[in-house]
Amino acid sequence: MEIGTRYEPQSIEMKWYKHWLEKKYFTPKGAGPKYSIVIPPPNITGRIHMGHALNLTVQDILSRYKRMQGFDVLWLPGEDHAGIATQTAVEKFLATQGKSRRDYSREEFLDIVWNWADKYRKEIRKQIIAIGASVDWSRERFTLDDGLSKAVRKVFVDLYKKGLIYKGKYIVNWCHRCGTVLSDEEVEYEEEEGALYHIKYSIKGEDGYIVIATTRPETMLGDTAVAIHPSDERYKGYAGKVAILPIVGRELPIIADSYVDPSFGTGALKVTPAHDPNDYLIGQRHNLQFVDIFDDHIVINENGGQFKGMTAQQARKAIVEQLEAEGYLVKIEPLKHSVGRCYRCGTVVEPRLMDQWFVSMKPLAKRAIEAVENDEVTFVPERWKKVYLNWMNEIRDWCISRQLWWGHRIPVWQCQDCGHYNVAEEEPHVCEHCGSTNLKQDEDVLDTWFSSALWPFSTMGWPERTADLERYYPTDVLVTGFDIIFFWVARMIVMGYEFMGERPFKEVYIHQLVRDKHGRKMSKSLGNGIDPLEVVDEYGADPMRFTLAMLAAQGRDLKLDVRFLDTYKKFANKIWNATRFVLMNLDDFEKVEVKPSDLKLADRWILSRLQKATKKVTEALDGYDFNVAAGEMYSFFWDELCDWYIEAVKNRLKTSDRKIVQNVLVDVLDASLRLLHPFMPFLTEELWTKLPTAGESLVIAQWPKYIEELVDESSEAEFSRLVDMIRGIRNIRAEVNVPQSTRVKAFVKGKLTQEEQEYIEFLGNVENIEFVESRPEKCATAYVSPTIEVYVSLGTLIDISSEITRLRKKIEKMRSDMDKFAKKLYDKDFLENAPEDVVEETKEKQRTFSEQIARIEQIVTDLEETTN
RNA sequence: GGGCGCGUAGCUCAGAGGGAGAGCGUCUGCCUUACAAGCAGAAGGUCGUAGGUUCAAGUCCUACCGCACCCA
């Protein structure tokens, strides 16, 4: 069976994905131990990015690994309607055509978004497929599907009936660009250059004044008090007096409240209860007036008097100018302060007092906190547990209403006659309170994350009691990034316990966020994004997956440099060519049961190494150490299988060993491809199916077992000695520039097996080894151990003095290595306190070194005598 | 202000108590019949700084310096 000399991903990938789908390998059979994962549904806003690629790769590695271990694997795919993000994207698109959503009716606009959704869901599906994700498409879900919408309504109604959802007027975050409120989590704070304005507020009935400091002078239009710290000596006696708001003339009570930080600014705080969350609390405590000065577009409203119609920015400028003109402005200091912006569009959010729907989180969080504290739900890496608990312990109520059109409409119908909220899963026609038929549904939709929170069970058919729920809930692991622990993970845990009475998943594996090679976020504006689809086109899905796995250490950032993709594409090519070599030598292959007595040193060595690799990969995957697992396969395959075993057996394929070697090669390659399959599914399937031992498909092939009987320490030690001897010879060849085409003569003092002798001759490019009692003349020393020495004859090439220099350098290096051990052994404390095996080991190392050094020194002395 | 993480080879990163590792890059030599996307070799490191714990510290502790991130 011939295959091409180069690995070409394009020609193999989609062929196999199609085949796997036809065979329905990704649809669980419903029998045996189960393993389930629900996908973090990508937003339908656009193309997936490298973060998704990492997320999908990790899940696919787990799914394929477990499938090969015999689990009945369900990996459930789907997409998220992503309320704000999608509506923003669609509005941006409409804007390019000079339109806005207000040019359409709600129904017309939703039609447009549904078209968008269909288009992008198709795109996303294609991209998930391109990565090779083994998801069960027959169970694909969308957060706005009928079933999931039903789940959303049921949860809303249930929580409302339990008194855990309420409507109320509180300070919320308003994004005027998106035209909606946001939850606290949806606001991103950043330090920005601003200014601290010091403004005089005169005291009523006195000549004096009090100077307040603020970063937002325009909000003074909504001031209803001035606050000072009760124990601030500077303002002793001020509390109870009345200040006069400049320009406006409103009378403001001066109050004492310990919230005020005396060390900030002047220690006197203007209080604007309608436009600042902390001021709001002060306002409540002191029964202050709430004056809202903005409309929905954050333009000053009628409460702003002469400034009405100005934007916040315009108002700030005008107000500061007027304050200055009237002598109220004391000074303006530059100040860095944190500014909150909308996580979807970056607009500065305005705290406003609004009537919204909230989920009361404290009671719900209780069980979810307990679960993580008791390790019913565990985080990997563990440190995220603390992050989760810190947040959950200080959780605030969740604002869930959004002034959008795209999303789950809030299932509340207010009676237009009596004002009663009719909260129901199905549209009511009569007010349950007064019997009126004059009902109007709430205009708002729910926060996207409200539906995402139900994802682990809503996707499996809840509230119906389906077979899928019975079998696959709870899921085994959730794989996601740390950026959505609060948005999503925490809320899923909450809802899972509340509605299923059970955790939604056992483990949460938090992977890194993908960044560019400098550690910056990948973003369109920086132009540093790497598009996974382009990577798949250019390098192939397998090298991309392997690259991501290699980089998936348990840190916080994954800095992706395209150079890695080159490296691992080369690895894929290496696998391709190693298989090619094996296949080229299998014309007369016959599967035989290899008996231990048939095995030669190299065979025993590679089989032993394979066992260790199998064990290491398996353990690493069980512990989510993807980089360790991938790294182990990289070095086993390349450094051991290719560089040594394959090279070592090339000659043996021409001898009576051929049959044994063929069988060992096929076995080791077969197992290697299995171990690599979760990382590189396409390539391994393509190659594996060409092996004479292949079964139907690697997807459903068995994961290799660790066979303890094949672990052979003494063969490993012996082979590694052999490797050292060969390296010693190669070293000398390289140093004196003996070209590859020239064979050198070598001498050995000591014993070698026939097999070892052949390997040294072949791999060291040496002609018939001669056994000697002592070092022959005109020879360089290649290897020295207590029992064996290897010399390379250099004839006229040898330069005695440079050989002496070379050996002296070697001695020096060995001495410095040995000194570390010798020093320890001189140390009484070490001998007394270190564990016995460590002491023994150290003694052994020291002995080996000193013997070798002594021997090389002897050789140097001999050489020096020859020159004299 | 509170918290988390990170400073290891020129670059990107592994390693988390007992001889400093990988890939890329650099240098030298090879078109050796699987692979030049390759092979063989080499150079390159006070493991951020200062203390401490320990027989033993990149590895554990403390402080500091620098870089990120989360929360207020």
Side-chain angles (χ1 to χ4, degrees), chain A residues 2-8 184-185 188-189 261 263-264 277-278 338 381 383-384 386-387 390-391 394 482-483 485-486 512-513 515-521 539 543 547 550-585 625 627-628 630-631 634-635 638-639 642-643 646-647 650 726-727 729-743 762-765 814 816-821 823-835 837-839 841-842 845-846 849:
Chain A
E2 273 298 323
I3 62 174
T5 169
R6 283 162 86 97
Y7 153 66
E8 275 155 16
D184 294 335
E185 293 69 41
E188 289 176 342
Y189 292 89
D261 175 5
S263 65
F264 182 81
N278 294 310
S338 113
R383 79 186 111 93
W384 296 110
K386 216 167 132 188
V387 174
N390 284 346
W391 187 74
E394 280 165 45
F482 59 80
D483 53 334
I485 290 178
F486 306 148
Q512 302 135 301
L513 298 189
R515 307 195 179 263
D516 75 359
K517 62 178 172 179
H518 304 295
R520 298 173 306 185
K521 254 186 185 164
Y539 298 89
T547 301
M550 278 301 279
L551 297 176
Q554 302 194 341
R556 234 170 26 179
D557 294 344
L558 185 157
K559 284 181 225 164
L560 185 65
D561 187 331
V562 286
R563 286 184 309 180
F564 287 116
L565 293 163
D566 282 316
T567 302
Y568 299 118
K569 184 171 187 185
K570 287 179 186 174
F571 180 49
N573 189 58
K574 190 74 182 175
I575 297 169
W576 181 270
N577 274 291
T579 307
R580 182 163 177 264
F581 171 81
V582 172
L583 293 175
M584 283 169 68
N585 286 287
D625 290 319
N627 61 325
V628 173
Y634 185 88
S635 59
W638 200 315
D639 302 343
C642 291
D643 287 353
I646 288 181
E647 291 305 324
K650 276 181 177 170
I726 293 165
R727 286 207 168 122
I729 294 168
R730 286 173 174 171
N731 241 306
I732 287 168
R733 294 181 60 104
E735 258 167 76
V736 278
N737 284 332
V738 177
Q740 190 64 36
S741 49
T742 310
R743 299 198 141 196
F762 183 60
L763 298 173
N765 204 13
M814 290 178 83
S816 84
D817 283 342
M818 184 186 73
D819 280 351
K820 287 172 198 155
F821 304 116
K823 228 165 116 186
K824 283 187 176 184
L825 292 167
Y826 279 124
D827 188 346
K828 201 176 73 202
D829 293 329
F830 173 75
L831 295 172
E832 278 170 13
N833 294 305
D837 55 323
V838 173
V839 176
E841 206 180 312
T842 310
K845 285 171 186 162
Q846 203 261 355
F849 270 114

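Everything quoted here is computed from the prediction, not taken from an experiment. Numbers restart at 1 for each chain; the letters A, B, ... are given by sequence-line order, proteins then strands.
Going from the C1' atom of B:G18 to that of B:U59 covers 11 Å, rounded to whole Å. For the P atoms, the distance linking B:U54 with B:G5 amounts to 25 Å, nearest Å. Using atom C1' as the reference point in both B:U28 and B:G52, the two lie 47 Å apart (nearest Å). Spacing between B:A14 and B:A42 at atom P, rounded to whole Å, works out to 27 Å. The same atom, C1', is picked in B:C69 and in B:U26; the two are 35 Å apart, to the nearest Å. B:C4 and B:G41 have their P atoms separated by 46 Å, with the value rounded to a whole Å. Across the P atoms, B:U32 and B:A43 are found 26 Å apart, a figure rounded to whole Å. Only the C1' atoms considered, B:C65 is 10 Å distant from B:A50, to the nearest whole Å.
Relative to the six-membered ring of A:F830, A:K823 misses at least one condition, a distance below 6.0 Å or an angle of at most 45° to the axis.
Residues satisfying the salt bridge (Lys or Arg N to Asp or Glu O under 4.0 Å) test with A:R563, not counting sequence neighbours, are A:D561. Under the side-chain contact (heavy atoms from CB on, under 4.5 Å) criterion, A:N731 pairs with A:E735, not counting sequence neighbours. A search for salt bridge (Lys or Arg N to Asp or Glu O under 4.0 Å) contacts involving A:K574 returns nothing, not counting sequence neighbours. Not counting sequence neighbours, A:E8 has no partner by the salt bridge (Lys or Arg N to Asp or Glu O under 4.0 Å) test. By the side-chain hydrogen bond (donor to acceptor under 3.5 Å, both in side chains) test, A:D566 is found to be paired with no residue, residues two or more places apart in sequence or in another chain being considered. Here A:R743 pairs with A:N765 under the side-chain hydrogen bond (donor to acceptor under 3.5 Å, both in side chains) rule; sequence neighbours left out. Applying the salt bridge (Lys or Arg N to Asp or Glu O under 4.0 Å) rule to A:D184 yields the partners A:R396; only residues at least two apart in sequence or on another chain are considered.
Between atom CD1 of residue A:I726 and atom CD of residue A:E647 there is a gap of 10.5 Å, rounded to the nearest 0.5 Å.
Separation of the A:Y634 and A:Y568 ring centroids falls under the 6.0 Å cut-off.
Residue A:Y189 contributes atom OH, which lies 16 Å from atom C1' of B:G1 at whole-angstrom precision. Separating the OH atom of A:Y568 from the P atom of B:G23 is a distance of 9 Å, rounded to the nearest angstrom. A straight line from CG of A:N390 to P of B:G1 spans 19 Å, rounded to a whole angstrom. Nucleotide B:C24 holds its P atom 10 Å from the CZ atom of A:R563, rounded to whole Å. B:U32 atom P lies 14 Å from atom CZ of A:R733, rounded to whole Å. Put simply, CG on A:D483 is 9 Å from P on B:C70, counting in whole angstrom units. Atom CG of A:L551 is separated from atom C1' of B:C13 by 8 Å (rounded to the nearest Å). Between A:F482 atom CZ and B:C6 atom C1' the separation is 12 Å, expressed in whole Å.
Heavy atoms of A:D827 sit under 4.0 angstrom from primed sugar atoms or phosphate atoms, though from no base atom. In this structure, A:V838 reaches the bases: a heavy-atom distance under 4.0 Å links it to at least one base atom across the strands shown.
In terms of modelled atom types and a separation under 3.5 Å, the side chain of A:Q846 and the main chain of A:K824 share no donor-acceptor contact.
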Task: Secondary structure of RNA chain B in dot-bracket form (Watson-Crick or G-U wobble, distances below 3.5 Å, | marking inter-strand pairs) - done: (((.((((.[[[[.)..(..]]]].(((((.......))))).....[[[[[..)....]]]]]))).))).
- [ ] Any chance you could list the contact pattern along nucleotides 33-45 of chain B? Use B for base contacts, S for sugar-phosphate-only contacts and - for none, protein heavy atoms under 4.0 Å, 5' to 3'.
- [x] -BB-BSSSSS---
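Base orientation of B:G58: syn (glycosidic angle within 90° of 0).
Mapping A:M818 and A:N278 onto RNA chain B by nearest heavy atom places A:M818 at the nucleotide closer to the 5' end. Nearest-nucleotide positions on RNA chain B for A:F849 and A:V628 put A:V628 closer to the 5' end.
Looking at the side chain of A:K386, the nearest of the listed nucleotides B:G18, B:G3, B:G19 is B:G3. The side chain of A:R383 sits closest to B:C4 out of B:G18, B:G23, B:C4.
Phosphate contact (OP1/OP2 of B:G19, side-chain N/O of A:K820, threshold under 4.0 Å): absent.
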